[in-house]
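Input: a single structure, listed below in structure tokens.
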There are 2 protein chains.
Amino acid sequence: MTETIDITKSNAASQFILYWGDMGNQWGVNRSVAQIHALLYLSAKPLNAEQIAVALGIARSNVSNSLKELVSWRLIRRVPVPGDRREHYEAEVDVWEMGIRIAQGRKEREIDPATQALRACVAQAETESGLDPVALQRMQDMQDFLATADTWFRDMLTVPRPKLVMLMKMGTKVVSLLNFTGGKKSG
Amino acid sequence: MTETIDITKSNAASQFILYWGDMGNQWGVNRSVAQIHALLYLSAKPLNAEQIAVALGIARSNVSNSLKELVSWRLIRRVPVPGDRREHYEAEVDVWEMGIRIAQGRKEREIDPATQALRACVAQAETESGLDPVALQRMQDMQDFLATADTWFRDMLTVPRPKLVMLMKMGTKVVSLLNFTGGKKSG
DNA sequence: CTGTTATTTCCGTTGTAAGAGAAATTAGAT
DNA sequence: ATCTAATTTCTCTTACAACGGAAATAACAG
């Protein structure tokens, strides 16, 4: 049996897992899910469900469900370990990739349904005579905004990671550069 | 008494409020808060707590607390109505401003505490000898990422709204332009 | 100062989601 | 094919957050 360093033995690591779990709570993902994610993120090698359950002291079934959710967010993936029948899991360790996947997951779960619902509302509103024109206008504004944000987000996903990183690190520089280039292109 | 058009009489409007409330649920804000926000967003004129309670059929105390939360998010504001003793509230109606405030609120509530907690963890981890170096590295990566994201976000907040809108509407164009301008930057 | 109305705080009830453990199902070995 | 081990599904309990209503406080008019 291979000797894995048990990271839950470390204070810092268990603190990290605790905090992460707590934070996950705020984020709408439940504690177990966030804790498992933290554990896998810190782990140097893939872990199986049993190991996770033991390490975190949570029920095996809970681990099963949580893993499924993490996979659906694409924050972890199954990896086959040769000579072992059990499923093993490892986390996405590239933090940028991770950030993007969380953003993507949240958008799919939170923004997209809203956009769709709103479309129906506006359609309905346009046929109605009784509705205050101000209200109609506001709904349309909202719809436009969501559409723009959606397009922007899709666009950003197509940008290769290194460029995205560069872009973010530039911060406001981007704006001033574009001012120059796009705005008053006086050589 | 001034005649307000009762928007809750409209199907589209009440649908909107319903959806919005439901969506708020997904977002971690409770239904009442989201519904009140939707109502105020559609309303052409400021409403007082009583009107809101009646329109949505929720308890007066609930309205009070929800309004407080919405104010803390800066999604609505108190407005004095001359000749009326009651507090009135109106929503921020600029969708971009609204989007920014929500993003800001979530960052403050979700990201910032995490960043802080993480700092403590890493500090602890660096003093520890027992910790797997891989784990330490991962914590540091995470910290770097959060720091970068934080700086980027602050930067974006300083950008004047119209420019921000322009920037988003450009989408990937930004990247290609910068490839040209920034990529070959010497010095 | 007192009565009245608006607002907030407190507390009890209810609804919803997390998590544990048992039971059932699936996959793999011999 | 049968036995064993891993995983998932199901159900029950528990914990927490939302909400309503009552009580308390604050703001204002006369």
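Just so we're on the same page: letters track the sequence lines, and every chain starts at 1. It should be emphasised that the depicted structure is a prediction, and the values quoted were computed from it without experimental measurement.
A cation-pi contact, defined as under 6.0 Å to the ring centre and within 45° of the axis, links B:Arg109 to B:Trp73. Seen from the ring of B:Trp27, A:Arg106 does not count as a face-on cation partner, given the 6.0 Å and 45° thresholds.
With D:dC19, C:dA18, C:dA20 as the candidates, the nucleotide lying closest to the side chain of B:Arg31 is D:dC19. Comparing C:dT8, C:dT9, D:dT7 by their nearest atom to the side chain of B:Arg78 picks out C:dT8. With distances taken from any side-chain atom of B:Arg85 to the nucleotides C:dT7, C:dT8, C:dT4, the minimum falls on C:dT4.
Distance B:Leu67 CG to C:dT8 P: 8 Å, rounded to the nearest Å. Atoms CD (B:Gln35) and P (D:dC19) sit 8 Å apart, rounded to a whole Å. Rounded to an integer number of Å, the gap from A:Asn48 CG to C:dA27 P is 18 Å. Computed from coordinates, the A:Asp22 CG to D:dC16 P distance equals 12 Å when rounded to whole Å. The separation between A:Glu87 atom CD and C:dG28 atom C1' is 12 Å, rounded to whole Å. D:dA29 atom P lies 14 Å from atom CZ of B:Arg86, rounded to whole Å. One can place CG of A:Asn30 at 10 Å from P of C:dA20, the figure rounded to the nearest angstrom. What separates CZ of A:Arg60 from P of C:dA24 is a distance of 18 Å, to the nearest Å.
Checked by distance alone, A:Ser32 brings no side-chain donor or acceptor within 3.5 Å of a matching partner on the base of C:dG19.
Here B:Asn65 lies in heavy-atom contact (under 4.0 Å) with a base. Among the atoms of the strands shown, none is found under 4.0 Å from any heavy atom of B:Glu50.
For the atom pair CE of A:Met139 and CH2 of B:Trp20, the computed distance is 10.5 Å after rounding to the nearest 0.5 Å.
If you find the closest nucleotide of DNA chain D to B:Val33 and to A:Ser61, the one lying nearer the 5' end belongs to A:Ser61. Comparing A:Asn62 and B:Lys68 by the nucleotide of DNA chain C that holds the closest heavy atom to each, the one mapping nearer the 5' end is B:Lys68.
Side-chain atoms of A:Arg101 come within 3.5 Å of backbone N or O of A:Arg74 as a donor-acceptor pair.
In this structure, B:Arg31 does not pair ionically with B:Asp22, as no charged nitrogen and carboxylate oxygen lie closer than 4.0 Å.
Phosphate proximity of C:dT7 to B:Ser64: absent, as no side-chain N or O sits under 4.0 Å from OP1 or OP2.
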